[in-house]
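First comes the structure, then the notes that go with it.
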Number of protein chains: 2
Amino acid sequence: MIRRSLPRAFSAASALKGIPLTGSTINENVKAAKYAVRGAVLERSMELQRKMAAGEKLPFDTIVPCNIGNPHACLQVPLSFHREVLSLCISPNLATDHPHVFKEDVVERAKHYAAGLTGGVGAYTNSQGIPAVREEIAAFIAERDGHPARADRIYLTNGASEGVRILLTCLLRSGGKEDGLLTPIPQYPLYSASLTLLGGTLVPYHLNEGASWGVEMDNLRTTLAAARANGTEVRGIAVINPGNPTGNILAEEQIKDIIKMAVDEKLVVLADEVYQANIWKEGASFSSFKKVACDMGYTGEDGDDRLQLVSFHSTSKGYFGECGLRGGYMEVHGIGAEVRAELYKLASLSLCSNTVGQLATGIMINPPKPGDPSFETFQKERDDILSSLERRSIMVHKALNDLEGITCNEADGALYAFPRIRLSDKAKRAAEANGVPADEYYCLQILDQSGIVLVPGSGFGQEEGTLHFRTTFLPAEETMHETLKIMAKAHEKFMDEHRD
Amino acid sequence: MIRRSLPRAFSAASALKGIPLTGSTINENVKAAKYAVRGAVLERSMELQRKMAAGEKLPFDTIVPCNIGNPHACLQVPLSFHREVLSLCISPNLATDHPHVFKEDVVERAKHYAAGLTGGVGAYTNSQGIPAVREEIAAFIAERDGHPARADRIYLTNGASEGVRILLTCLLRSGGKEDGLLTPIPQYPLYSASLTLLGGTLVPYHLNEGASWGVEMDNLRTTLAAARANGTEVRGIAVINPGNPTGNILAEEQIKDIIKMAVDEKLVVLADEVYQANIWKEGASFSSFKKVACDMGYTGEDGDDRLQLVSFHSTSKGYFGECGLRGGYMEVHGIGAEVRAELYKLASLSLCSNTVGQLATGIMINPPKPGDPSFETFQKERDDILSSLERRSIMVHKALNDLEGITCNEADGALYAFPRIRLSDKAKRAAEANGVPADEYYCLQILDQSGIVLVPGSGFGQEEGTLHFRTTFLPAEETMHETLKIMAKAHEKFMDEHRD
């Protein structure tokens with residue numbers, strides 16, 4: 001518990017030096033970490049919001065937050081069954097005091113959870129999560145994949161982000177070792193920021209924009225070999241499927257290739273599968289890494305650690321969109337008992353993830369079934385959300401491709417468009433004069449004109465010499481036409497003002 | 001974003017070495033971290049629970065979890081107003097569809113929060129927390145301390161633990177620097193475990209058991225000087241007030257002395273004040289570090305960073321006891337804008353803390369007021385909990401002091417007793433033969449006999465040559481007499497079996 005360092009000469013200055021926590025004495029890894037989804041463009045949008053609130057006249061009436069996959073903030077309506085069960089778990093006496101308020105299956109589900117929760121939602125749970133919820137998740141995975149899943153391999157977390165943090169904390173060793181993670185470019189910046197924070201090395205493998213942002217195995221192998229030759233101990237590979245920000249869906253063959261490589265090269269696979277219920281491409285379906293691994297015979301049973309795989313899921317996306325509740329889980333596969341105990345210890349340091357988020361995760365993967373009193377409402381709510389998201393995805397991609405200088409792959413899945421934009425030399429010079437990257441300059445200008453908050457491609461990483469931005473397609477369907485018109489106008493104005 | 005390391009010769013072995021994530025290739029800091037509150041004794045209790053469930057006959061009927069301050073797990077009843085507001089925030093239509101279910105002030109409060117929450121509880125909030133809740137907290141602090149507080153200095157967190165993690169991540173620099181934190185011994189093991197995890201150095205300052213576990217300034221200064229002479233860059237001091245596990249309450253004079261030293265020696269003060277509503281000592285009251293700092297003229301306003309102070313609070317303790325909801329906040333004082341921006345960035349990496357926990361924090365510090373429809377019920381519920389806790393504290397301390405070989409300071413505050421125990425040489429030899437520390441051996445033996453889960457003092461740190469354990473006084477009042485009788489019997493048996 002108590003580390004002793006080598007003695008060194010006492011210097012009076014060390015007692016007299018400046019205040020301890022300043023911009024120049026803070027942990028340098030914290031300072032270096034970047035998280036663009038909540039970066040400079042969002043800062044500027046909050047400033048504009050304050051100006052509007054103070055009565056200042058701006059070229060738009062409202063800020064449209066397309067920077068982040070936050071469906072409820074864009075007025076997506078929560079699912080009734082899910083919310084009612086949560087309300088009842090929090091105030092169990094509502095059902096006894098007011099017997100006709102809740103449907104039978106709502107009451108039953110709340111009772112089921114209560115039976116597994118000594119002390120209710122107010123008590124710390126097992127640090128790995130409520131056993132009854134982990135059993136539900138295991139049943140969901142088994143049904144989804146057609147292969148067994150075990151509750152003791154599941155860790156409930158505050159969103160998927162916490163799972164990624166815990167896993168990377170274990171994987172990246174301290175003490176100056178050059179441990180690295182193969183990370184797709186473009187990527188969700190949680191990975192780059194976590195790597196910087198933990199002192200690890202991001203080993204970028206570029207997705208191929210020309211082939212629907214697919215993974216190229218040759219490129220992946222070359223990248224790995226080069227990083228290793230360069231002294232990086234590459235210990236894992238992150239895969240985001242469906243892709244964020246790219247929307248790409250991996251075919252089973254591609255997943256198989258990645259798994260083969262991970263086995264050969266001894267890499268832990270981090271499978272970020274939080275968009276698994278957001279599949280838009282005609283005829284496409286989601287295959288989990290876990291399913292393909294089991295199909296290939298990597299059972300992950302005790303003693304089979306040929307493939308080490310950790311999958312992440314979240315309540316924040318899909319048709320559920322419950323970002324604020326911070327629910328999620330990770331499932332570990334091929335990870336031995338000793339490491340699982342360390343994961344448990346890390347989780348226990350935060351005691352447990354929040355109970356409401358845990359229950360929300362259970363309800364998400366175990367919704368009402370046909371015949372249940374809440375089923376019809378649930379089905380309608382779910383289908384309305386998914387079909388509207390699909391329509392909005394098509395609208396956004398079409399509108400973007402219609403703009404001068406913009407090309408955009410269709411989103412096969414997930415909640416984003418990630419268009420490529422070609423900017424003039426004049427625009428690039430203007431960006432340089434403003435001391436910001438060209439894509440950020442573009443996003444700031446669009447924001448100032450339209451109130452639409454985009455995220456510059458540089459926040460996700462992009463092939464050198466290319467420029468992109470990410471936008472969600474989450475603004476409410478009723479306002480989408482108008483939003484796209486405003487966007488088009490702002491874009492045209494930008495292009496006109498920056499012609500060479 | 002992408003770190004490059006120095007090239008080194010490529011070794012084929014690096015591609016062919018073993019599986020990446022094992023007990024011997026995991027981050028060594030993770031492995032070294034210890035968190036006794038959920039350690040070996042708890043593991044054993046879970047094993048016993050499984051045996052009981054499988055029908056095995058044990059010397060007791062029930063496991064009594066005295067290892068952790070988890071009041072609801074010990075059947076403490078949640079507060080009605082608080083839970084009803086949360087239920088309504090989750091399902092706002094309950095109030096419109098069923099107008100007579102909720103009291104007027106419950107509906108009003110839920111509406112107040114809804115007005116400040118675009119998208120409701122399902123949306124990510126500002127990463128620092130819901131502005132309306134931060135305003136409530138600022139008002140609470142201002143009233144508590146008689147000094148102004150600002151919403152923009154408050155960060156809502158998943159329990160207090162997350163705040164401590166974020167702050168220490170900023171304070172302890174990476175790259176092999178020997179950054180240290182003065183930490184009380186005994187301490188809550190979140191501090192020791194976080195320091196190990198982050199590669200920092202725990203600089204222990206011993207509390208004086210002979211003086212009600214008070215802080216001794218001379219000892220503190222000597223400890224600091226010795227650590228600095230030894231090469232540790234001591235950058236902060238953790239203070240737990242009221243104390244965990246000690247129950248000590250710091251007087252304003254003592255707080256003043258610690259603040260003076262922090263200013264002189266340029267130390268960030270981490271004030272863990274999560275037990276501020278658990279004050280048992282006749283005539284004693286809680287003074288926050290923030291209050292005393294402001295009394296001394298350290299305003300913490302922009303530009304006044306002479307004193308850097310971060311205070312932590314939580315929904316988990318007090319009379320609220322809402323551990324599972326994971327609500328909490330930290331208030332920063334004398335911390336400049338640049339560092340505050342870094343704290344925001346770190347918080348934003350997890351998007352935001354869970355919304356239900358955020359709202360629970362707001363309700364905790366802003367309960368019903370006299371005249372409100374819910375006030376009388378609230379007052380009765382609160383007073384019942386606090387007076388019962390006080391009675392149980394007295395019962396536990398009296399019973400422990402009656403046992404052979406045990407002496408126990410009274411708990412002036414918090415939720416624990418931390419008795420000293422004198423064990424025979426025979427007991428110590430038996431512990432050695434079992435390969436565990438003597439206090440852990442004692443706790444394991446008591447568990448096996450009684451089902452009562454204690455935590456060995458070594459998990460908190462203790463003066464060399466002394467042995468302790470920690471117990472909560474949370475078991476339900478109805479069963480407390482019986483629990484203490486069972487504990488006494490198990491203790492007597494242990495003492496009899498281990499006489500020299």
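Note on naming: letters A, B, ... go to the chains in the order of the sequence lines (proteins, then strands), and numbering restarts at 1 for each one. Note that this is a predicted model, so its numbers are computed, not measured.
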After noting the C-alpha distance and the side-chain angles of A:H98 and B:H98, does the key distance pass the side-chain contact (heavy atoms from CB on, under 4.5 Å) rule? CA-CA 9 Å; A:H98 310 279; B:H98 310 280; over 6 Å; no
Results of side-chain hydrogen bond (donor to acceptor under 3.5 Å, both in side chains) for A:T125 - residues two or more places apart only: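 Only A:Q358 meet the side-chain hydrogen bond (donor to acceptor under 3.5 Å, both in side chains) criterion with A:T125.
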Taking side-chain hydrogen bond (donor to acceptor under 3.5 Å, both in side chains) as the definition, give me every residue that meets it alongside A:S127, ordered by chain and number, with sequence neighbours left out.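 B:R38.
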Please classify the contact between [X] and chain A as side chain, backbone, both or neither, with a heavy-atom cut-off of under 4.5 Å.
X      : value
B:S87  : both
B:L172 : backbone
B:S353 : backbone
B:Q308 : side chain
B:D305 : both

Report the option among [options] that has the most heavy-atom pairs separated by less than 4.5 Å from atoms of chain B.
options                        : value
A:G336, A:A360, A:P78, A:C352  : A:C352
A:S91, A:S161, A:P71           : A:S91
A:V101, A:N158, A:L171, A:V356 : A:V101

So do [Y] and [X] actually touch side chain to side chain, heavy atoms under 4.5 Å?
X      : Y      : value
A:T118 : B:H72  : no
B:E338 : A:K31  : yes
B:N29  : A:T169 : no
A:L167 : B:L21  : yes
B:R326 : A:T355 : no

State, to 0.1 Å, how close [X] and [Y] come at their nearest heavy-atom pair, and which atoms those are.
X      : Y      : answer
B:R83  : A:I90  : NH1-O, 2.8 Å
B:L349 : A:L190 : O-CD1, 3.9 Å
A:T25  : B:R173 : O-CD, 3.3 Å
B:E342 : A:I26  : CB-CD1, 3.6 Å
B:Y124 : A:G69  : CE1-O, 3.6 Å
A:P20  : B:V268 : CG-CG2, 3.3 Å

Criterion side-chain contact (heavy atoms from CB on, under 4.5 Å) on B:L325 and A:V121, from CA distance to verdict: CA-CA 7 Å; B:L325 300 183; A:V121 297; 4.1 Å; yes
Sort out for me which of [options] touches chain A most, counting heavy-atom pairs under 4.5 Å.
options                       : answer
B:L94, B:L224, B:L198, B:T315 : B:L94
B:L42, B:V339, B:V263         : B:V339
B:G119, B:C323, B:C74         : B:C323

At a 4.5 Å cut-off on heavy atoms, which part of [X] comes close to chain B: side chain, backbone, both, or neither?
X      : value
A:F320 : neither
A:T183 : neither
A:E43  : side chain

For side-chain contact (heavy atoms from CB on, under 4.5 Å), just list the numbers for A:L197 and B:L346, CA-CA rounded to whole Å, side-chain angles, deciding distance to a tenth of an Å, and then say yes or no. CA-CA 9 Å; A:L197 204 54; B:L346 271 188; 3.6 Å; yes
